[in-house]
Amino acid sequence: MNIKDEYKVNQLVGIFQEKTGWNLARVKFLVYFICALCKLQTVNFKKLAQGPEGTSLAESKLRRIQRFFAGFQIDEDLIAKIIFSFLPLKPPYRLSLDRTNWKFGSTNINILAIGICFEGVAIPLMWVMLPKRGNSNQKERTALIDRYIRLFGTESIEGILADREFIGDKWIGGLADQKIRFYFRIKGNMWIDLPGKGKKKAFWLFRAMKTSGFNLEDTHLNDLERISKLLCLVCIAFIWAYLAGIYKHIVLKPIRILNNGRKAHSTFRYGLDYVAHALLCSIKQDIKIIVKILSCT
């Protein structure tokens with residue numbers, strides 16, 4: 001690893017070593033992987049292994065990536081706590097319960113997720129991989145909400161926002177028993193108004209994880225456990241980019257407003273471009289800023 005690469009990652013390694021408690025080699029991998037995600041904006045392992053980080057050959061970097069996802073066990077509660085610590089707002093939060101799915105070969109990839117609603121986007125926090133097609137059942141939803149409550153408490157919840165596919169007497173009754181408010185939004189093929197963004201389809205609330213950011217559907221993984229590990233790292237990269245977008249908009253240069261009153265870029269996209277440019281071009285001052293964004297939370 002050359003001096004320039006060392007400069008890019010040393011502070012980030014320190015931040016994530018403190019937050020994860022992982023050994024140095026694992027933390028360095030985490031840092032290099034999320035940096036590569038931001039620069040290349042894909043989860044395809046072969047493409048990530050071709051990235052400019054480090055001096056090792058692409059084949060060696062690809063094997064390192066594959067070994068991490070095959071053999072290392074990630075504590076997903078720990079990842080949720082790390083993302084929670086980076087959130088750009090204070091509780092209580094309005095949670096979003098959402099589901100995304102796609103198919104790779106014969107494998108159905110179906111994810112039920114909880115996000116934190118903030119300025120028209122859901123910041124992904126925790127999820128469960130559903131080993132089936134179609135909607136979740138009430139037991140699966142209840143288990144995911146219970147996991148959130150175990151980690152962060154009911155006092156951190158202002159309410160839960162969900163599509164109408166998530167109705168069900170038992171699990172909604174459980175929310176009511178805990179005095180948790182719930183709101184059902186319209187279906188994903190209908191339109192909603194978002195402040196400063198105009199009319200968007202409801203599914204737009206999670207699309208930054210897919211076609212508009214890291215192209216999650218590019219993964220060739222078909223093992224649900226490994227896909228969940230991948231989500232852990234993608235979500236860390238997501239919150240980093242989002243925080244960078246907030247900083248750039250407030251401190252450096254506001255997002256341009258178009259003639260129709262909409263923002264030219266989402267906050268996430270604005271931040272992702274900023275982080276990617278800083279890392280790709282090795283801009284010392286900008287790298288200091290994007291590192292400080294994480295170290296100051």
Side-chain angles (χ1 to χ4, degrees), residues 34 37-43 83 86-102 111 113-125 158-166 183-218 234-281 283 286 289-290 293-294 297:
I34 63 173
L37 281 174
C38 290
K39 288 186 293 187
L40 300 178
Q41 297 167 31
T42 180
V43 296
I83 296 169
F86 288 145
L87 291 174
L89 67 164
K90 301 296 182 183
Y93 302 119
R94 181 169 290 190
L95 308 185
S96 171
L97 184 67
D98 213 342
R99 186 174 61 86
T100 186
N101 63 277
W102 69 94
I111 305 168
I114 289 177
I116 304 294
C117 297
F118 180 69
E119 295 187 353
V121 72
I123 298 171
L125 184 68
E158 188 277 328
I160 298 176
L161 182 68
D163 287 319
R164 286 188 290 180
E165 73 172 53
F166 297 110
Y183 312 86
F184 290 101
R185 67 177 181 237
I186 56 182
K187 291 184 177 180
N189 62 355
M190 298 182 69
W191 294 84
I192 57 177
D193 279 314
L194 296 172
K197 302 179 187 296
K199 289 184 179 292
K200 297 285 184 179
K201 286 190 176 181
F203 70 77
W204 177 86
L205 294 171
F206 261 102
R207 76 184 179 100
M209 293 290 288
K210 296 169 78 174
T211 56
S212 296
F214 300 113
N215 293 295
L216 194 57
E217 294 179 0
D218 283 354
V234 170
C235 288
I236 292 173
F238 178 93
I239 189 68
W240 188 21
Y242 201 86
L243 292 173
I246 293 172
Y247 177 90
K248 186 178 180 182
H249 173 68
I250 294 174
V251 178
L252 300 181
K253 184 180 180 181
I255 298 174
R256 183 168 56 91
I257 304 299
L258 303 176
N259 292 334
N260 59 11
R262 300 179 186 177
K263 291 181 178 179
H265 312 279
S266 70
T267 303
F268 164 73
R269 183 75 248 178
Y270 203 50
L272 182 59
D273 289 345
Y274 181 46
V275 171
H277 184 67
L279 293 173
L280 284 168
C281 299
I283 303 172
D286 285 343
I289 290 171
I290 61 176
I293 286 169
L294 292 182
T297 52

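Counting begins at 1 with the first residue of the sequence.
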(request) Please round to the nearest 0.5 Å and tell me the distance separating atom SG of C235 and atom CD1 of I34. (result) 12.0 Å
(request) Just jot down the salt bridge (charged side-chain N to carboxylate O under 4.0 Å, His left out) partners of D273, sequence neighbours excluded, or say none. (result) R269
(message) On a heavy-atom basis, which atom in A122 and which in F238 lie closest, and how many Å separate them?
(response) O-CZ, 4.2 Å
(message) Are the side chains of L37 and V234 in contact, using a 4.5 Å heavy-atom criterion?
(response) yes
(message) Please give me the minimum heavy-atom distance between I289 and Y247, naming the atom from each residue.
(response) CG2-CE2, 3.3 Å
(message) Go through it in stages, so that I can follow the logic: the residues are R99 and N101, the test is side-chain contact (heavy atoms from CB on, under 4.5 Å), and I'd like the CA-CA distance, side-chain angles, deciding distance and then a yes or no.
(response) CA-CA 7 Å; R99 186 174 61 86; N101 63 277; 3.4 Å; yes
(message) Would you call the rings of Y270 and H249 parallel, tilted or perpendicular, taking 30° and 60° as the class edges?
(response) perpendicular
(request) Decide yes or no on side-chain contact (heavy atoms from CB on, under 4.5 Å) for C38 and L272, but give the supporting numbers first. (result) CA-CA 6 Å; C38 290; L272 182 59; 4.0 Å; yes
(request) Give, for atom CD1 of I83 and atom CD1 of I236, the distance between the pair rounded to the nearest 0.5 Å. (result) 6.0 Å
(message) I need the L279 CG to D286 CG distance, nearest 0.5 Å.
(response) 9.5 Å
(message) If I compare all heavy atoms of K263 with all of L258, which pair ends up nearest, and what's the gap?
(response) O-CD1, 4.2 Å
(message) Can you tell me how far apart NE2 (H265) and CD1 (I255) are? Round to the nearest 0.5 Å.
(response) 7.5 Å
(request) Check each of L243, V275, I239 against I293 using the side-chain contact (heavy atoms from CB on, under 4.5 Å) test, and report the only one that passes. (result) L243
(message) With a sphere of 6.0 Å drawn around CG of N259, does it hold more than 12 non-hydrogen atoms of other residues, nucleotides or ligands?
(response) no
(request) Decide side-chain contact (heavy atoms from CB on, under 4.5 Å) for C117 and L95; before the verdict, give the C-alpha distance in whole Å, the side-chain angles of both, and the deciding distance to 0.1 Å. (result) CA-CA 6 Å; C117 297; L95 308 185; over 6 Å; no
(request) Using the side-chain contact (heavy atoms from CB on, under 4.5 Å) rule, take R262 and I257 through it: C-alpha gap first, then chi angles, then the decisive distance, then the call. (result) CA-CA 6 Å; R262 300 179 186 177; I257 304 299; over 6 Å; no
(request) Look at the side chain of W240 and the backbone N and O of I290, then say whether any donor-acceptor pair between them is shorter than 3.5 Å. (result) yes
(message) Using 0.5 Å steps for rounding, measure from the CG atom of L40 to the CG atom of L280.
(response) 7.0 Å
(message) Main chain of Q41, side chain of N215: is a donor-acceptor contact present, judged purely on distance under 3.5 Å?
(response) yes
(message) Angle between ring planes, F214 versus F268, binned at 30° and 60°: parallel, tilted or perpendicular?
(response) perpendicular
(request) Establish, for the pair R94 and F118, whether the NZ or CZ atom is under 6.0 angstrom from the six-membered ring centre and no further than 45 degrees off its axis. (result) no
(request) Please tell me if the side chains of S266 and V121 come closer than 4.5 Å, counting only heavy atoms from C-beta onward. (result) no
(message) As an exercise, state the distance from CG of L125 to CG of L87, rounded to the nearest 0.5 Å.
(response) 6.5 Å
(message) For E165, is there any backbone N or O sitting under 3.5 Å from a side-chain donor or acceptor partner on D163?
(response) no
